[in-house]
Amino acid sequence: MTVTQIEEISKSRVRILIDEAFAFVLYKGELRSYHIREGEEMGEEDYRSILHELLPRRAKIRAMNLLKTRPYTVKQLYDKLKTGGYPEEVIQSALDYVAGFHYTDDLRYAVSYIRSHENARSRRRIEQELQGKGIPRDILEQAWEAWEEEGGSQDEQAMIRALLEKKGFRPESADRREKQRMYAFLMRKGFSGEQVRRAVLSGENFEWE
């Protein structure tokens with residue numbers, strides 16, 4: 001296998017291409033340790049050492065350091081390692097490692113997230129945000145069930161009333177245009193159409209224009 005390109009990506013790191021394909025990212029000190037030079041052959045033993053020893057060890061440390069700062073979903077951690085230039089098999093090895101110690105747990109993360117935002121965000125908004133963080137639908141459903149078993153509940157009307165008060169909106173005196181604007185605002189917040197109509201439209205037979 002031939003090292004076809006060594007591309008500097010920072011003062012300390014380089015991207016290595018082998019046989020014209022991306023292989024991995026190394027620190028410059030590691031580059032020197034393995035005597036890797038552009039246009040030269042890389043031995044099979046060195047390649048295996050990098051892919052199966054050096055990078056997995058570094059990826060595990062990186063994952064652990066990230067998790068020390070705050071919780072991550074599996075997808076968020078995957079994305080961080082991917083951005084760091086780790087190959088797929090190395091990323092999976094690191095994810096399996098931290099999962100083995102229960103440092104990543106999407107269900108626990110989702111329940112904690114719901115608990116933190118239950119009084120400020122609609123269920124739909126919370127679900128959209130968690131799905132954006134890579135939480136699968138089946139885990140979301142389990143999380144809501146676990147949260148409800150803990151005694152969790154939401155009062156979306158109370159949340160809507162708080163937002164209306166903050167905006168200085170009074171449905172009894174607002175004109176149709178004001179109500180349309182507020183309707184659209186609350187729908188973007190993820191509240192259901194029924195809940196929004198009940199709070200904003202004061203019994204009007206409202207149709208979106």
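This chain uses plain numbering: 1 for the first residue, then up along the sequence. Worth saying up front: this structure is predicted, and the values here are computed from it rather than measured.
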- [ ] Apply side chain to side chain donor-acceptor pair (under 3.5 Å) to E38 and Q5, showing your working.
- [x] CA-CA 6 Å; E38 190 169 299; Q5 187 177 355; over 6 Å; no
Open item on the list: Is there a path of hydrophobic side-chain contacts, each under 4.5 Å between heavy atoms of I/L/V/M/F/W/Y residues, joining Y109 to M64?
Closed with: no
Any side-chain to backbone donor/acceptor pair from [X] onto [Y]? Under 3.5 Å, distance only.
| X | Y | result |
| --- | --- | --- |
| D19 | M1 | no |
| S49 | E45 | no |
| T4 | L17 | yes |
| Q76 | T73 | yes |
| Q92 | E89 | no |
| K133 | K75 | no |
| R58 | E53 | no |
| E178 | D175 | yes |

Task: salt bridge (charged side-chain N to carboxylate O under 4.0 Å, His left out) pairs, two or more places apart, involving residues 100-114 - done: none
TODO: Tell me, with the steps shown, if R188 and Y183 meet side chain to side chain donor-acceptor pair (under 3.5 Å).
DONE: CA-CA 9 Å; R188 288 195 298 272; Y183 181 91; over 6 Å; no
Open item on the list: Would K80 pass as a cation-pi partner of Y72, given that its NZ or CZ must be under 6.0 Å from the six-membered ring centre and within 45 degrees of the axis?
Closed with: no
Task: Cation-pi, W144 ring and R123 (6.0 angstrom, 45 degrees) - done: yes
Task: Charged N-O contact under 4.0 Å between R125 and E129 - done: yes
- [ ] Please lay out, stage by stage, how S122 and E156 fare under the test side chain to side chain donor-acceptor pair (under 3.5 Å).
- [x] CA-CA 6 Å; S122 68; E156 291 202 353; 4.7 Å; no
Open item on the list: Return the CD1 to CG distance between I6 and L26, rounded to the nearest 0.5 Å.
Closed with: 9.0 Å
Task: Steps toward salt bridge (Lys or Arg N to Asp or Glu O under 4.0 Å) verdict (R13, E8) - done: CA-CA 6 Å; R13 299 192 306 155; E8 185 173 291; over 6 Å; no
Open item on the list: Once you measure the plane-to-plane angle for Y103 and F101, does it fall in the parallel (<30°), tilted (30-60°) or perpendicular (>60°) bin?
Closed with: parallel
